[in-house]
Amino acid sequence: MQVSEILRIKGNRLFVLAPEASMETAIALMAREDVGSILVAQGTQLLGLLTFREVLRHQAQHGSGATLIAEVMDATPFTTSPEVDIMSLRAAMLHNHARYVPVNADGKLIGVLSFHDVAKAVISAQDLENEALKNYINDVPALRA
């Protein structure tokens with residue numbers, strides 16, 4: 001299974017803000033849409049990723065004063081492409097401590113995958129494989145003694 005298949009199933013709705021947007025705007029969007037990440041971009045160019053991790057760290061260190069998301073975002077987020085195999089992505093997300101991964105195709109943002117999306121896809125693939133194996137086992141003729 002590839003990243004593109006997960007995006008096709010999940011959908012590729014993007015939540016994007018410009019770097020000059022306020023943290024207040026970003027937090028309100030994250031809460032309203034029940035998402036854990038916001039892409040920070042100008043047009044289709046990814047400039048960074050703002051996740052609840054960065055929001056909480058900033059709030060703990062600086063309080064809730066007026067701040068631009070450009071000051072808080074991860075300016076070098078781990079990204080992936082649609083052709084990447086899901087097992088490779090899972091390993092890379094673990095290695096990079098990435099809970100959210102922007103997906104780029106030909107320099108254009110096409111989606112974001114969360115660790116939850118990846119785990120759900122892996123479990124779904126394993127369930128299908130287990131079912132196929134069970135069906136195969138049940139179809140094998142019994143051995144005669």
Reported [atom1]-to-[atom2] distance for the pair [X] and [Y], which is rounded to 0.5 angstrom:
{"X": "M73", "Y": "L17", "atom1": "CE", "atom2": "CG", "result": "11.5 Å"}
{"X": "R57", "Y": "F52", "atom1": "CZ", "atom2": "CZ", "result": "10.5 Å"}
{"X": "L89", "Y": "I6", "atom1": "CG", "atom2": "CD1", "result": "7.0 Å"}
{"X": "M87", "Y": "M1", "atom1": "CE", "atom2": "CE", "result": "10.5 Å"}
{"X": "D85", "Y": "T80", "atom1": "CG", "atom2": "OG1", "result": "10.0 Å"}

Does any non-hydrogen side-chain atom of [Y] lie less than 4.5 Å from one of [X]?
{"X": "T51", "Y": "P77", "value": "no"}
{"X": "L49", "Y": "I38", "value": "no"}
{"X": "D74", "Y": "R53", "value": "no"}
{"X": "L7", "Y": "P82", "value": "no"}
{"X": "E54", "Y": "I69", "value": "no"}

Hydrophobic clustering (ILVMFWY, side-chain heavy atoms < 4.5 Å, transitive) - are [Y] and [X] grouped together?
{"X": "F115", "Y": "F15", "value": "no"}
{"X": "I27", "Y": "L56", "value": "yes"}
{"X": "V3", "Y": "I9", "value": "no"}

If I compare all heavy atoms of [X] with all of [Y], which pair ends up nearest, and what's the gap?
{"X": "S37", "Y": "V112", "result": "OG-CG1, 3.8 Å"}
{"X": "V101", "Y": "A98", "result": "CG2-CB, 4.1 Å"}
{"X": "M93", "Y": "Y100", "result": "CE-N, 4.3 Å"}

**Report entry** Sequence-distant partners of S114, side chain to side chain donor-acceptor pair (under 3.5 Å), two or more places apart
**Finding:**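 S114 satisfies side chain to side chain donor-acceptor pair (under 3.5 Å) with D117 once adjacent residues are dropped.
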Report task. Determine the sole option in L39, V103, I110 for which the side-chain contact (heavy atoms from CB on, under 4.5 Å) test with L14 is passed. Result ->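 The single option meeting the side-chain contact (heavy atoms from CB on, under 4.5 Å) with L14 is L39.
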Query raised in the report: In this structure, which one of V40, L50, L68 forms a side-chain contact (heavy atoms from CB on, under 4.5 Å) with P19?
Result: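 The passing option is V40.
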Query raised in the report: Are E5 and I86 close enough, and set up right, to give a side chain to side chain contact (heavy atoms under 4.5 Å, CB included), and what steps lead you there?
Result: CA-CA 9 Å; E5 293 173 70; I86 195 62; over 6 Å; no
**Report entry** Residue pairs passing the ring-ring contact (aromatic ring centres under 6.0 Å, His included) test where at least one lies in residues 60-80, sequence neighbours excluded
**Finding:**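 Matches after skipping sequence neighbours: H58-H62.
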Query - Contact list for residues 23-44, test salt bridge (charged side-chain N to carboxylate O under 4.0 Å, His left out), sequence neighbours left out - result: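 Listed once each, the pairs are R13-E33.
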Query - Test side chain to side chain contact (heavy atoms under 4.5 Å, CB included) applied to Q42 and E20, step by step - result: CA-CA 10 Å; Q42 291 285 23; E20 59 273 3; 3.6 Å; yes
Query raised in the report: Within a reach of under 6.0 Å around CG of D106, are more than 12 heavy atoms found that belong to other residues, nucleotides or ligands?
Result: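 Atom CG in D106 is not packed in, count stays at 12 or less.
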Query raised in the report: Hey, does the side chain of E131 reach the backbone of L128 with a donor-acceptor pair shorter than 3.5 angstrom?
Result: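 No: the side chain of E131 does not pair with the backbone of L128.
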